[in-house]
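Below is one structure, written out as structure tokens; comments come after it.
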Amino acid sequence: MNFDVAVIGGGPGGYVAAIRAAQLGGKVLLVEKENMGGVCLNRGCIPTKTLLKSAEKWEELQRCAEFGLRAENTGFDFVAIMERKNKVVAGLRGGIEQLVKSNDITVVYGAAALIAPNLLEVTTDSGTETFNANKVIIATGSVPSSIPVPGRELPAVITSDELLELTQVPKSMLVIGAGVVGIEFSFIMKAFGCEVTIVEMLPTILPMVDSDLVKRMGLILRKQGIKTLAGAKVTAIEEVQGGVLVKADTAKGAQEFTVEKVLLAAGRRAVTEGLGLDVAGIEYDRTGIKVNTHMETSVPGIYAIGDVTGQSMLAHTASTAGIVAAENAMGLDSVMDYSAIPSCIFTTPEIAMVGLTEEEATAEQLEIKSSKFNFAANGKAVSMGETDGLVKIITDAATGKMLGMHILGPHASDLIMEGTLAIRNRLTAKDIAHTIHPHPTLSETVMESAHGIYGDIIHQVKLKLRK
Ligand code: NAI
């Protein structure tokens, strides 16, 4: 069969690309080897956020006296929590299948490989089939990476994929890697009573996050009872009665931890194997498939998007790149813009960030100004009982142009869009400060922080120097 566009992979990159190509009048083939929705829907964003919601509700229930409420005989059923998660995922998956179908996209469930630049071989349960495609978009995503540590193959050592299938909360868990996956799962499991220790190789947890937020998150983790150990390298994992013994080299010398489970959260790697990239002559390396700003690979007419490119491994980056690739495949001229990609960490409270951190701006030797505003001084946050956190804004010192926004606090993942829009459209902190924000809302924290760039915060006690 002949198609205008064949998309390999039905994640948030692939299915969006397929729909966009179909919207532009293309005859589209979408090949998926497992489930529609990819990692994001089946083993990532959606299941984790569903579990996090249960965790948050459970924690709120335990705090209910603070709000004048009484709840007796409370508890949770982990199996029911997991079942709800499965139901949410299945419902959304059905939605995507419906979307794809309504766009007249041909879906084949199987593993695709290029046997020539315009020819795909798809292995399904019932054999192999070949398809011709004028243009190909590769969107095969990523999988958790392993680490070169003896014992990593033990059954007690799991990745986020297996953790999402647990039917019982482990008594204790050591998390290797204090990145996004490590921190998000630590919050979820701790809420359900698991004793969590996070071990991070680099000198700080959340190495990609602005250091002011990292400091606050460190305090929040401590308050939650989650132990963190930065600058520590796991050297071996051994099976012992009831779990595993984890050995690590730390600044204080060798340390050992006995835990029921180990979560490997040391990054993800692009899925490039088995795709026939060499046969088609597509350039790639350990980090992923090389693409230009049109999302085109080294072979004209073959595009790659999302995690498989190794750049900004986020669902929304993949979807945006999917639209760019599909438009180019259908003859338009679209360019991928990586200048303002928000990224969010769904902890309690959340972290969200866009643009440069203070450390990155300093490393680039930019003259900057920064401002911070605490949620504790925001009426809405106080009424919600969620006052932990801050909004930090970074601007160009001379022009006030927004360079970065970093939020730790309630609904940070929603609030970050103001900063994203500002950076993308080259706005200044004044543009934000002089825009009327509704009261009482959390968005006022963003406005106040923007005022702070000019020294004009209203809701901040003025510190007077004694004469
Ligand atoms: P990551 O790259 O964010 O963090 C991995 C951490 O593990 C790093 O801090 C690294 O220094 C550390 N590490 C590596 N090897 C280690 C070792 N041997 N011992 C101790 N520490 C070690 O990777 P992560 O958290 O696995 O996430 C993978 C990707 O998925 C990221 O690109 C992330 O942005 C994305 N993701 C995004 C989410 C979101 O948007 N909310 C949620 C989950 C994942």
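One-based numbering, in listed order, for ligands and for the atoms of each.
- Scanning the protein for heavy atoms near atom 34 (O) of ligand 1, the closest one is V180 CG2, 3.7 Å.
- In this view, Y284 satisfies the ring-ring contact (aromatic ring centres under 6.0 Å, His included) rule with no residue, not counting sequence neighbours.
- Checked against a 3.5 angstrom limit, the closest N/O atoms of K49 and ligand 1 fall outside it.
- With respect to atom 12 (C) of ligand 1, the closest heavy atom belonging to the protein is E200 OE1, 3.3 Å.
- Among all protein heavy atoms, the one lying closest to atom 32 (O) of ligand 1 is M313 CB, 3.4 Å.
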> Checking side-chain hydrogen bond (donor to acceptor under 3.5 Å, both in side chains) for the pair N374/R216: CA distance, chi angles, key distance, verdict?
Replying inline: CA-CA 11 Å; N374 286 321; R216 293 278 183 103; 2.7 Å; yes

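- The closest side-chain heavy-atom distance from L30 to V108 is not below 4.5 Å.
- With a 4.0 Å heavy-atom cut-off, ligand 1 is reached by no atom of K233.
- Between the side chains of S211 and E359, at least one donor N or O lies within less than 3.5 Å of an accepting N or O.
- A side-chain N or O of E327 and one of S334 form a donor-acceptor pair less than 3.5 Å apart.
- Ring planes of F192 and F76: tilted class, angle from 30 to 60°.
- There is no side-chain donor-acceptor pair under 3.5 Å between H406 and E358.
- Using 4.0 Å as the threshold, S343 has no heavy atom nearer than that to any atom of ligand 1.
- In this structure, R268 counts as a contact residue of ligand 1, since one of its heavy atoms falls inside 4.0 Å of the ligand.
- Given atom 41 (N) of ligand 1, the protein heavy atom at minimum distance is C344 O, 2.7 Å.
- Nearest protein neighbour of atom 23 (O) of ligand 1, counting heavy atoms only, is G267 CA, 3.2 Å.
- Here the heavy atom of the protein found nearest to atom 15 (N) of ligand 1 is A266 CB, 3.5 Å.
- Between the side chains of S142 and D307, at least one donor N or O sits under 3.5 Å from an acceptor N or O.
- Screening residues 225-240 for side-chain hydrogen bond (donor to acceptor under 3.5 Å, both in side chains) gives E238-K247 as the qualifying pairs, with residues at least two apart or on separate chains.
- With hydrogens left out, the protein atom closest to atom 44 (C) of ligand 1 is V181 CG2, 3.5 Å, a heavy atom.
- Under 4.0 angstrom from ligand 1, there are no non-hydrogen atoms of T48.
- Of the protein's non-hydrogen atoms, the one nearest atom 20 (C) of ligand 1 is M201 N, 3.3 Å.
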